[in-house]
Amino acid sequence: NEKASEGIQINDPQYNTSITIKPKFRLGSPVKDQNRLVYPMLGKDAAKILTVKAGSIKEDIILEKYYADSMRFEYELQLPESLEARLESDSSLGIYGPDNSVLMGNVSTGSDADAQLLEKARKNAKKDKLVFRMPAPYIKETGNRTVVRSAKFELQGKSLTLVAEQLKDLKYPISID
């Protein structure tokens, strides 16, 4: 998807479900570069880069120069009723659904009453099956293959925030992966 405001949709064909992650920060129109979409961040010498690989999408935020010692990038998570987001102990983000795959994806119902029962079951089902995972974020200096700082996710309801701290003494440009 090339419209930054619409975010990216990630599909899981096994469970026939999807999630959408929309940035709440301002991005310009993307430039295609082979398997990447480069979205300039409006008002900053920075970019959000989406790299498409076989079966995955990787996001990097590139800051060309120092702006603040701490930066926050907020996203809106759009999840179906059958899924729930949780922060994991390793700082990654897990998206969980019911162990019963019948409660996910497109299910035909015979009546409105059946559809309401299905929605209630989706909403109330125990969500303990990992469906999607976003690895814990980290920060690298350009040209440095090692991680120089860790970053973290914060989750409040449907709001996911990427928090990068201790940015002051780094060698720019930096990449927040």
Side-chain angles (χ1 to χ4, degrees), residues 1-64 67 70-88 90-98 101 103-107 119 122-123 127 129-140 142 147 149-165 167 173-177:
N1 180 357
E2 292 187 28
K3 261 196 165 169
S5 63
E6 293 177 9
I8 60 168
Q9 183 174 345
I10 303 167
N11 299 302
D12 182 324
Q14 180 180 355
Y15 296 107
N16 197 20
T17 191
S18 65
I19 63 171
T20 300
I21 304 171
K22 288 184 175 186
K24 289 187 154 187
F25 47 95
R26 296 177 0 157
L27 297 170
S29 297
V31 174
K32 286 184 184 179
D33 177 22
Q34 297 178 345
N35 64 333
R36 304 180 330 153
L37 287 174
V38 180
Y39 295 86
M41 279 191 197
L42 300 179
K44 291 191 172 34
D45 193 6
K48 173 183 153 172
I49 301 172
L50 293 178
T51 305
V52 179
K53 297 180 180 180
S56 70
I57 297 174
K58 182 180 183 304
E59 178 186 89
D60 299 296
I61 293 175
I62 306 296
L63 299 176
E64 296 292 336
Y67 287 96
S70 176
M71 294 190 75
R72 302 171 68 80
F73 302 93
E74 191 176 345
Y75 298 83
E76 176 190 345
L77 286 178
Q78 295 182 337
L79 306 175
E81 288 288 329
S82 59
L83 299 179
E84 114 184 341
R86 294 197 293 255
L87 288 177
E88 304 288 16
D90 67 355
S91 300
S92 65
L93 179 76
I95 308 290
Y96 288 85
S101 61
L103 294 176
M104 292 195 282
N106 295 327
V107 177
E119 282 309 305
R122 285 177 167 164
K123 190 174 186 175
K127 295 164 180 71
K129 175 93 171 164
L130 183 64
V131 180
F132 297 101
R133 182 180 176 278
M134 289 176 63
Y138 57 87
I139 303 167
K140 293 191 323 189
T142 299
V147 175
R149 299 269 190 286
S150 34
K152 65 181 179 181
F153 288 125
E154 291 178 353
L155 180 64
Q156 205 156 13
K158 302 283 186 191
S159 178
L160 177 69
T161 304
L162 169 61
V163 181
E165 299 176 313
L167 303 176
I174 63 169
S175 173
I176 306 168
D177 292 352

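From a predicted model like this one, the values you see are computed outputs, not experimental measurements.
- In this structure, the side chains of L37 and K32 come closer than 4.5 Å at one or more pairs of heavy atoms.
- Closest non-hydrogen pair, A85 versus L79, comes out as N-CD1, 3.7 Å.
- Distance check, rounded to the nearest 0.5 Å: CD of E6 to CD1 of I21 gives 15.0 Å.
- You'll find the side chain of L77 reaches within 4.5 Å of the side chain of L155, heavy atoms only.
- Listed by chain and number, the residues in a side chain to side chain donor-acceptor pair (under 3.5 Å) with R86 are E84 (sequence neighbours excluded).
- In this structure, K22 and Q78 have side chains that are in contact, with non-hydrogen atoms separated by less than 4.5 Å.
- Checking each of I49, D45, I176, V38 against I62 for a side chain to side chain contact (heavy atoms under 4.5 Å, CB included) leaves exactly one that passes, namely I49.
- Scanning for ring-ring contact (aromatic ring centres under 6.0 Å, His included) contacts around F73 gives F25, with sequence neighbours left out.
- In this structure, K24 and E76 have side chains that are in contact, with non-hydrogen atoms separated by less than 4.5 Å.
- Applying the side-chain contact (heavy atoms from CB on, under 4.5 Å) criterion to A46, with sequence neighbours excluded, gives M41, K44, L63.
- With sequence neighbours left out, P135 forms a side-chain contact (heavy atoms from CB on, under 4.5 Å) with R133.
- Considering only residues two or more places apart in sequence or on other chains, E59 meets the side-chain contact (heavy atoms from CB on, under 4.5 Å) condition with K48, L50, I61, Y75.
- Side-chain contact check for I10 versus F132: some heavy-atom pair is nearer than 4.5 Å.
- Summarising the geometry of Q9 relative to S18, their closest heavy-atom pair is NE2-OG, 3.0 Å, with the distance given to 0.1 Å.
- Considering only heavy atoms from C-beta on, S70 stays 4.5 Å or farther from L167 through its side chain.
- The shortest non-hydrogen separation linking G28 to Y39 is O-CD2, 3.5 Å.
- Annotation for P40 and S29: closest pair CD-O, 3.3 Å, computed over non-hydrogen atoms.
- Note that CD1 of I19 is 4.5 Å distant from CD1 of I95, once rounded to the nearest 0.5 Å.
- Judged by distance alone, the side chains of Q156 and E154 never bring a donor and an acceptor atom under 3.5 Å apart.
- When side chains are defined from C-beta on, L93 counts as touching L160, because their heavy atoms get closer than 4.5 Å.
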request  = Evaluate side chain to side chain contact (heavy atoms under 4.5 Å, CB included) for K140 paired with I174, printing each intermediate quantity in order.
outcome  = CA-CA 6 Å; K140 293 191 323 189; I174 63 169; over 6 Å; no

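- Residues E74 and T161 have side chains that never bring a donor and an acceptor to within less than 3.5 angstrom of each other.
- Shown here for R149 and E165, the closest heavy-atom pair between the two residues is CD-O, 4.2 Å.
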message = With side chain to side chain contact (heavy atoms under 4.5 Å, CB included) as the criterion, how do V131 and Y96 come out once you've worked through the C-alpha distance, each side chain's angles and the decisive distance to 0.1 Å?
response = CA-CA 5 Å; V131 180; Y96 288 85; 5.9 Å; no

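- Take S91 and apply the side-chain contact (heavy atoms from CB on, under 4.5 Å) test, not counting sequence neighbours, and it matches A136.
- Closest approach of G97 and L83 over heavy atoms only: CA-CD2, 3.7 Å.
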